[in-house]
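Here is the structure we will look at, set down as structure tokens.
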Amino acid sequence: MRKPLVAGNWKMNKTVTESVALIKELLDFIDGYQKTEVVICPPFTSLWVARELIQDTSIILGAQNIHYQNEGAYTGEISARMLQNIGCSYVIVGHSERRDYFKESSEVVARKAEQSLNFGIKPIICVGEKLVDRETGKTREVVKEELEAVFAILKAKEMANVVFAYEPIWAIGTGKSATPQDANEIIKYIRALIEDKYNETIAQKIRILYGGSVNQENISSLMAESDIDGALVGGVSLQAMPFSKLVKFQQL
Ligand code: PGA
């Protein structure tokens, strides 16, 4: 049985002051809720204060990015050791905004995933197609190419600590979610590729999230599908009440 995971990606939002307010509200609503594993990924500047507020609670800390080198002259970058030291258990890698705006290749994404695992941080590896890919029937091809870069680097024993997120780019921040059936179909395909490359036990154990305009209205139907194990949430994670409802989808 795979435990549902909901991760909030705050992106480039929230000052430290605003982060404190949001986390306090979130704790009021969801601290101690055990049916869903909840991860918040604030911006780097808020990680410390977030850690202080959520230690000894059920909310888990994640980051939005990581560098694949250990340390050194990489101005503006954050290392795995820094994230480990600040208490991050998860890190998002390969978000489409990073692939697109910051030209991160699938190989770089895979190296970031590997580096996070080296430091005991679980990567949430994002994959997904653009609208033009979907319209031209290339969804599977694109997703496969992104996954193969990861498969080329990660060993079977490392896969146990990996989370994937299928995020069709056309569904991110657009209010236009994929249908639960379409999302499930691709997530099943991802699981089949994992099984082909590794084995069935790993494929059945690994959590694969859906991301792209998830909200408190569509979460239940997404989670009712066989292979969707949770959600990577952008916009809605910036507001405590709707995010908390989404987290508690079992009660909706
Ligand atoms: P959204 O973002 O929920 O605002 O669509 C999802 C994401 O970028 O992970």
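As the structure lists them, so they are numbered: ligands from 1, and atoms in each ligand from 1.
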Just jot down the ligand 1 atoms closer than 4.0 angstrom to any heavy atom of [X], in number order.
X      : value
Gly212 : 5 (O)
Lys11  : 2 (O), 7 (C), 8 (O)
Gly173 : 1 (P), 4 (O), 5 (O)

*Considering all heavy atoms of both residues, which atom of His67 and which atom of Gln69 are nearest to each other, and what is their separation?*
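Taking His67 first and Gln69 second, the nearest heavy atoms are ND1-N, 3.0 Å.
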
*Is there a heavy atom of Ala171 sitting under 4.0 angstrom from any atom of ligand 1?*
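True for this residue.
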
*Would you please determine whether Ser213 falls within less than 4.0 Å of ligand 1 on a heavy-atom basis?*
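Under 4.0 Å: yes for Ser213.
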
Report yes if some heavy atom in the side chain of [X] is under 4.5 Å from a heavy atom in the side chain of [Y]; otherwise report no.
X      : Y      : answer
Phe119 : Arg81  : yes
Tyr90  : Val163 : yes
Glu129 : Ile186 : no
His95  : Glu104 : no

*Please determine which of Arg111, Arg99, Glu148, Glu146 meets the side-chain hydrogen bond (donor to acceptor under 3.5 Å, both in side chains) test together with Ser106.*
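Exactly one pass, corresponding to Arg99.
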
Which heavy atom of the protein is the closest neighbour of [atom], given with residue, atom name and distance?
atom                   : answer
atom 9 (O) of ligand 1 : Glu167 OE2, 2.6 Å
atom 6 (C) of ligand 1 : Gly234 N, 3.5 Å
atom 4 (O) of ligand 1 : Gly235 N, 2.8 Å

*Which salt bridge (Lys or Arg N to Asp or Glu O under 4.0 Å) pairs, counting each pair once, include a residue from residues 224-252, with sequence neighbours left out?*
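Of all non-adjacent pairs touching residues 224-252, those that pass salt bridge (Lys or Arg N to Asp or Glu O under 4.0 Å) are Arg2-Asp229, Arg191-Asp227, Arg191-Asp229.
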
*ligand 1 N/O within reach of His95 N/O, cut-off under 3.5 Å*: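 Yes, at least one N or O pair falls under 3.5 Å.
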
